[in-house]
There are 2 protein chains.
Amino acid sequence: MRLGESMLAEIFGVSRTRVREAMMKLEARGIVHVSARRGWFVVEPSADDARAAFHARKVIETGLLMSVEAIPPAAMEALRLHVEEEATIVQSGSVHDRTCALGDFHIHLAEALSNPLLTEIIRDLTARTVLVSMLYQSVDDAASSNADHAAILDAMQSGRWAEAAALMAAHIDQVEAGLDLSARLDPLAGLKDILTPAATRPSFSRSPS
Amino acid sequence: MRLGESMLAEIFGVSRTRVREAMMKLEARGIVHVSARRGWFVVEPSADDARAAFHARKVIETGLLMSVEAIPPAAMEALRLHVEEEATIVQSGSVHDRTCALGDFHIHLAEALSNPLLTEIIRDLTARTVLVSMLYQSVDDAASSNADHAAILDAMQSGRWAEAAALMAAHIDQVEAGLDLSARLDPLAGLKDILTPAATRPSFSRSPS
DNA sequence: TCCACCAATCTTGCATACAAGCGATGGAGC
DNA sequence: GCTCCATCGCTTGTATGCAAGATTGGTGGA
């Protein structure tokens, strides 16, 4: 999926300079990459890239759960609330909403248990795996993921951190196992919906001066 | 420590555009930050930032050691060799060389045990903590760190991964404890040596057209 | 009919020019 | 002598212009 600088510049009504800056920020986060004098492309992670992203998440999130000693009751309550909302969205929401809600759990967990730096790392890794899920055929197991999240919270609440870590590892393994890393999907299919929710639509009515 | 765009552009013989791009890459990695219309500065991590970086390293590196099952003998041998070189540098090298060698151990460990993605994350975090060590008064405990590294390798070689993880956590805690996070050092002291090793010196003889 | 080659066009890469804002410095007033 | 304010200079922020390269379409030849 090619992202032309001039095209984006016109769509958003800014000059190429700002588009380039934004693209380079996204490149640093591993969302897009540039091919010299050919253009910017949304990254299409290889199977190895996908495995690497899941592995990194597993290492970091289990390491986080193993190294934590206590969690403030308020944060615990907020997480519990999120999982409940998650359950609602899983039952009634769109694929996009479900993916976001399930990913948000891990980010909120990081916010509750760690610091902004580590949270940002986990946020980027989660974005990567979401990208992977959109590229490869994934069996939609949102309900199972939601149950996993609840189980992890249960273990946390009882202070069984090692068990929570083990559940987390199993959960991430299962999400990864749900992907068919041998068959690539058409990347254009879902991406356009995700990338053009609100920001660009008004701009299309902008007069092309 | 201010890094003026025009100054850097002249030193490196390129335009401000490229300097800005490089600065924004460094900003994404948390090495520098920009103050609006005032300039770029090497980040001076607060005590909280420092603690966050050490915490993140501890979580990730212990998580890594806990989740690994086996290591190829060749990689193990390479790590052992590195620790030996480290010992030599610790005894005879400069502060700069020692800091680099000690940091490299963690990066090589990540290379041996994980994937490029996670290695890059650990590399950036290590750079951050090195930056912290240069900013805050740190008791120079290079020999102790080297011994820690050797002990970690011993545990790994025997397959005692949990013990290796515990040693790693203690090691990182000790490095952090060696810092005086209450007193800030003069940031200019060591940084200039690090940042001007080879690239800029020839450029200084460039005729200021 | 197919393949190779060439040119036109479109793309990013990079430099430069202009605009806007912050800080410092000098002067005036108290 | 001290303080406050205005103005000037230097800095980044942003846009634009030009050059180099890649792709694609067309054309000529086998």
Side-chain angles (χ1 to χ4, degrees), chain A residues 1-46 49 120 131 135 184 186-188 191-192 195-196 198-200 202-209, chain B residues 1-46 49 120 131 135 184 186-188 191-192 194-196 198-209:
Chain A
M1 179 171 182
R2 189 169 161 278
L3 305 166
E5 288 183 4
S6 311
M7 183 193 72
L8 291 172
E10 190 174 356
I11 287 176
F12 289 100
V14 297
S15 81
R16 274 181 52 220
T17 306
R18 299 202 61 185
V19 172
R20 273 181 79 78
E21 286 188 4
M23 283 295 143
M24 289 191 301
K25 276 207 176 83
L26 260 53
E27 185 182 34
R29 296 181 57 186
I31 310 292
V32 304
H33 73 108
V34 62
S35 176
R37 295 187 193 279
R38 286 183 9 90
W40 298 85
F41 299 85
V42 175
V43 292
E44 300 186 16
S46 67
D49 293 337
E120 200 57 32
L131 206 62
L135 263 176
R184 194 75 140 282
D186 173 22
L188 295 176
L191 273 176
K192 279 187 178 169
L195 291 175
T196 54
T200 63
S203 299
F204 278 127
S205 64
R206 194 184 294 269
S207 68
S209 66
Chain B
M1 179 172 183
R2 190 170 160 276
L3 305 165
E5 288 183 5
S6 312
M7 183 193 72
L8 291 172
E10 190 174 358
I11 287 176
F12 289 100
V14 295
S15 81
R16 273 182 51 220
T17 305
R18 296 209 62 181
V19 172
R20 272 181 80 77
E21 286 186 4
M23 283 296 147
M24 288 192 301
K25 277 206 177 84
L26 260 54
E27 185 183 32
R29 297 181 55 184
I31 309 292
V32 304
H33 74 107
V34 61
S35 175
R37 295 188 193 276
R38 286 182 12 88
W40 297 85
F41 298 85
V42 175
V43 291
E44 300 185 14
S46 68
D49 294 337
E120 199 58 32
L131 206 63
L135 263 176
R184 194 76 140 280
D186 173 22
L188 295 175
L191 273 175
K192 278 187 176 167
I194 309 285
L195 291 175
T196 54
T200 63
R201 251 175 295 179
S203 299
F204 277 129
S205 62
R206 194 183 293 269
S207 68
S209 64

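As the structure is a prediction and not an experimental result, all values here were calculated from the model. Lettering of chains follows the sequences in order, A, B, ..., and the numbering in each one begins at 1. These numbers come from the heavy atoms of this one structure, side chains and all, not from hydrogens, waters or symmetry mates.
- Across every non-hydrogen atom of Leu3(B) and Met23(B), the tightest pair is CD1-CE, 4.0 Å.
- In the region residues 16-27 of chain A, proximity to DNA chain C at under 4.0 angstrom, judged on heavy atoms, holds for Arg16(A), Arg20(A).
- In terms of heavy-atom proximity, Glu44(B) sits nearest to Met1(B) at OE2-N, 3.8 Å.
- As rounded to whole Å, 15 Å separates atom C1' of dA15(C) from atom CD of Glu10(B).
- Between Ala36(B) and Ala36(A), the residue anchored nearer the 5' end of DNA chain C, judged by the nucleotide with its closest heavy atom, is Ala36(A).
- Salt bridge Lys25(A)/Glu27(B): absent, no basic N to carboxylate O contact under 4.0 Å.
- No option in Val42(B), Val43(B), Leu26(B) other than Val43(B) meets the side-chain contact (heavy atoms from CB on, under 4.5 Å) test with His33(B).
- Summarising the geometry of Arg2(A) relative to Arg38(A), their closest heavy-atom pair is NE-O, 3.1 Å, with the distance given to 0.1 Å.
- Taking the side chain as every heavy atom from C-beta outward, Glu21(A) and Glu21(B) never approach each other to under 4.5 Å.
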Dump the pairs, protein N or O against N or O of nucleotides 5-11 of chain C, anything under 3.5 Å, distances to one decimal.
| residue | atom | partner | partner atom | Å |
| --- | --- | --- | --- | --- |
| dT11(C) | O3' | Arg2(A) | NH2 | 2.8 |

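- The minimum heavy-atom distance between Pro45(A) and Leu135(A), with the atom names listed, is CD-CD1, 2.8 Å.
- Ser15(A) and Ala9(A) get closest at one heavy-atom pair: C-CB, 4.0 Å.
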